[in-house]
Participant: 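Mind having a look at this structure? Questions to follow.
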Amino acid sequence: MGQKQLALFETESNSKAEKKEIHHWKIFIDGASRNNPGPSGAGVYILKDDQVFAKHGFFLGNKTNNQAEYLALLLGIFEIKKKVQPGDIIHIISDSQLLIRQMNGQYKVKNEDLKVLYSVAKRWLHGLHVKLSHVLREDNIEADAMANYGIDKKIKLPHEFMETLKRENQSI
């Protein structure tokens, strides 16, 4: 059956077991900053059951590379959050060792700007089956290309994402 799996779940209202498909999501993310800080972009390349689900690149304005990395993470989570079903498996892949180690609890987040983005990411991932992995840059070329495309084409962030992020920042 490839990457798809079937699982049996019992619901409270129905004692019969239901067959439910479990999907495997891979979210490749990358942030890019020219001059650090400087013109920045976020790239997201998402696979669902090894099929391309989405790929986006966005312009972030003037940011540090680490801010761009975290914003790419948030964009990836935002993209799939409404589509993920209970039991789905999410694998987030980045070439930012700092981001992965911070998200996995191996490093503390010391930068105040990153603490805000980190907190939002943790909240958005809460309750999901998530694995975060570091890869070498050459294994993240699609997300890297999308980040640079976002910078080059000055692609604006989605309005809904910006509004959601503003609401999250007010609750921190």
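Side chains included, hydrogens not; waters and symmetry mates left out as well; all remaining heavy atoms used.
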Participant: One thing to verify: whether Asp30 and Arg137 come together as a salt bridge, which I'm taking to mean a side-chain N less than 4.0 angstrom from a carboxylate O.
Facilitator: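 Salt bridge absent between Arg137 and Asp30.
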Participant: I'd like to check Lys166 versus Asn169 (side-chain heavy atoms, cut-off strictly below 4.5 Å). Are they in contact?
Facilitator: no
Participant: Does some side-chain heavy atom of Arg34 sit less than 4.5 Å from a side-chain heavy atom of Asn148?
Facilitator: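 When only atoms from C-beta onward are counted, Arg34 and Asn148 do touch, with a gap below 4.5 Å.
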Participant: Looking at every non-hydrogen atom in both residues, tell me the closest pair between Met146 and His56 and how far apart they are.
Facilitator: CB-O, 3.2 Å
Participant: Do you know the tightest heavy-atom contact between Ala143 and Ile29?
Facilitator: CB-C, 3.7 Å
Participant: Salt bridge or not between Glu142 and Lys55? Use side-chain N to carboxylate O under 4.0 Å.
Facilitator: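 Looking at Lys55 together with Glu142, the answer is no, because their closest N to O distance does not fall below 4.0 Å.
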Participant: Give the C-alpha distance, both sets of side-chain angles, the deciding distance and a yes or no for side-chain contact (heavy atoms from CB on, under 4.5 Å) between Asp139 and Ile93.
Facilitator: CA-CA 9 Å; Asp139 295 323; Ile93 301 154; over 6 Å; no
Participant: For Phe59 and Gly150, work out which heavy atoms get closest and say how close.
Facilitator: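 Distance-wise, the nearest heavy atoms are CB-O, 3.4 Å.
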Participant: Would you say that Pro39 contacts Asn62 through its side chain, given a criterion of any heavy-atom pair below 4.5 Å between the two side chains?
Facilitator: yes
Participant: Should we say atom OH of Tyr149 is surrounded by more than 12 heavy atoms from elsewhere, each under 6.0 Å from it?
Facilitator: no
Participant: Under 30°, 30 to 60°, or over 60°: which ring-plane class applies to Trp124 and Phe161, parallel, tilted or perpendicular?
Facilitator: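 Rings of Trp124 and Phe161: perpendicular, over 60°.
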Participant: Tell me if a side-chain donor or acceptor on Asn66 pairs with a main-chain N or O of Leu99 at a distance below 3.5 Å.
Facilitator: no
Participant: Test of understanding: clusters of I, L, V, M, F, W, Y form through side-chain heavy atoms closer than 4.5 Å, transitively. Do Trp25 and Ile92 belong to the same one?
Facilitator: yes
Participant: Would you compute the distance between atom CG of Asp144 and atom CD of Glu138 and round it to the nearest 0.5 angstrom?
Facilitator: 11.0 Å
Participant: Heavy-atom count around Lys83 NZ within 6.0 Å, excluding the residue itself: above 12?
Facilitator: yes
Participant: Any side-chain to backbone donor/acceptor pair from Asn36 onto Asn65? Under 3.5 Å, distance only.
Facilitator: yes
Participant: In terms of hydrophobic clusters joined by side-chain contacts under 4.5 Å, are Val135 and Val52 together?
Facilitator: yes
Participant: What pair of heavy atoms forms the shortest contact from His134 to Ser96, and how long is it?
Facilitator: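 Looking at all heavy atoms of both residues, the shortest contact is CD2-C, 3.8 Å.
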Participant: Are side-chain heavy atoms of Leu71 and Lys63 found at a separation under 4.5 Å?
Facilitator: yes
Participant: Would you give the length of the straight line joining atom NZ of Lys115 to atom NZ of Lys110, rounded to the nearest 0.5 angstrom?
Facilitator: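 Result: 10.0 Å between the selected atoms.
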Participant: What closest approach, in Å, do Gly41 and Ala68 show between heavy atoms, and which atom pair accounts for it?
Facilitator: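 Answer, listing the atom of Gly41 first, then Ala68: O-CB, 3.7 Å.
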Participant: Say whether His23 and Asp88, considering side chains only, have a donor N or O and an acceptor N or O under 3.5 Å apart.
Facilitator: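 Not at all, the side chains of His23 and Asp88 share no donor-acceptor pair under 3.5 Å.
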Participant: For His91, look at atom NE2 and say whether over 12 heavy atoms of other residues, nucleotides or ligands are found less than 6.0 Å away.
Facilitator: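 Yes.
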Participant: When clusters are formed by joining ILVMFWY residues with side-chain heavy atoms under 4.5 Å apart, either directly or through shared neighbours, do Phe28 and Tyr70 land in the same one?
Facilitator: no
Participant: Within the supplied structure, the quantity of interest is the number of heavy atoms (other residues, nucleotides, ligands) at a distance under 6.0 Å from Lys154 NZ; does it exceed 12?
Facilitator: yes
Participant: Run the side-chain contact (heavy atoms from CB on, under 4.5 Å) test on Glu79 and Ile46 for me, step by step, so that the C-alpha distance in whole Å, both residues' side-chain angles and the decisive distance to 0.1 Å come before the verdict.
Facilitator: CA-CA 9 Å; Glu79 178 76 29; Ile46 302 172; 3.3 Å; yes
Participant: Quick one: name the residues clustered hydrophobically with Ile141, using the 4.5 Å side-chain heavy-atom rule over I, L, V, M, F, W, Y, and just say none if it's on its own.
Facilitator: none
Participant: What heavy-atom pair brings Ser33 and Gly38 nearest, and what distance separates the two atoms?
Facilitator: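 Minimum heavy-atom separation between Ser33 and Gly38: OG-N, 3.4 Å.
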Participant: Taking atom OG of Ser94 and atom CG of Leu132, what is their separation to the nearest 0.5 Å?
Facilitator: 9.0 Å
Participant: Okay, side chain of Asn111, backbone of Asp113: is any donor-acceptor separation there less than 3.5 Å?
Facilitator: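 Confirmed, Asn111 side chain pairs with Asp113 backbone.
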Participant: Any sub-3.5 Å donor-acceptor pair from Lys122's side-chain atoms to Met103's backbone N or O?
Facilitator: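 Yes.
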Participant: Is it true that a side-chain atom of Asp95 and a backbone atom of Leu136 form a donor plus acceptor pair closer than 3.5 Å?
Facilitator: no
Participant: CG/Leu165 to CG/Leu157 distance, rounded to the nearest 0.5 angstrom?
Facilitator: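 Between Leu165 CG and Leu157 CG, I get 8.5 Å after rounding to 0.5 Å.
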Participant: Would you compute the distance between atom CZ of Arg123 and atom NE2 of His126 and round it to the nearest 0.5 angstrom?
Facilitator: 11.5 Å
Participant: Under 4.5 Å between any side-chain heavy atoms of Ser119 and Val109, yes or no?
Facilitator: no
Participant: Could you check Ser40 against Gln67 for side-chain contact (heavy atoms from CB on, under 4.5 Å), going step by step and ending with a plain yes or no?
Facilitator: CA-CA 9 Å; Ser40 299; Gln67 290 169 326; over 6 Å; no
Participant: Determine whether Leu74 and Ile151 fall in the same hydrophobic cluster, where Ile, Leu, Val, Met, Phe, Trp and Tyr are linked whenever their side-chain heavy atoms lie under 4.5 Å apart.
Facilitator: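 No, separate clusters.
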Participant: How long is the straight-line distance from CD1 of Ile27 back to CZ of Phe78, given to the nearest 0.5 Å?
Facilitator: 13.0 Å
Participant: Determine whether Leu125 and Ile90 make a side-chain contact, defined as any pair of heavy atoms from C-beta on separated by less than 4.5 Å.
Facilitator: no
Participant: Tell me whether Lys81 at atom NZ has more than 12 heavy atoms from other residues, nucleotides or ligands lying less than 6.0 Å away.
Facilitator: yes
Participant: Let me check something: do Leu47 and Val44 share a hydrophobic cluster, defined by ILVMFWY side-chain heavy atoms less than 4.5 Å apart, either directly or through other members?
Facilitator: no
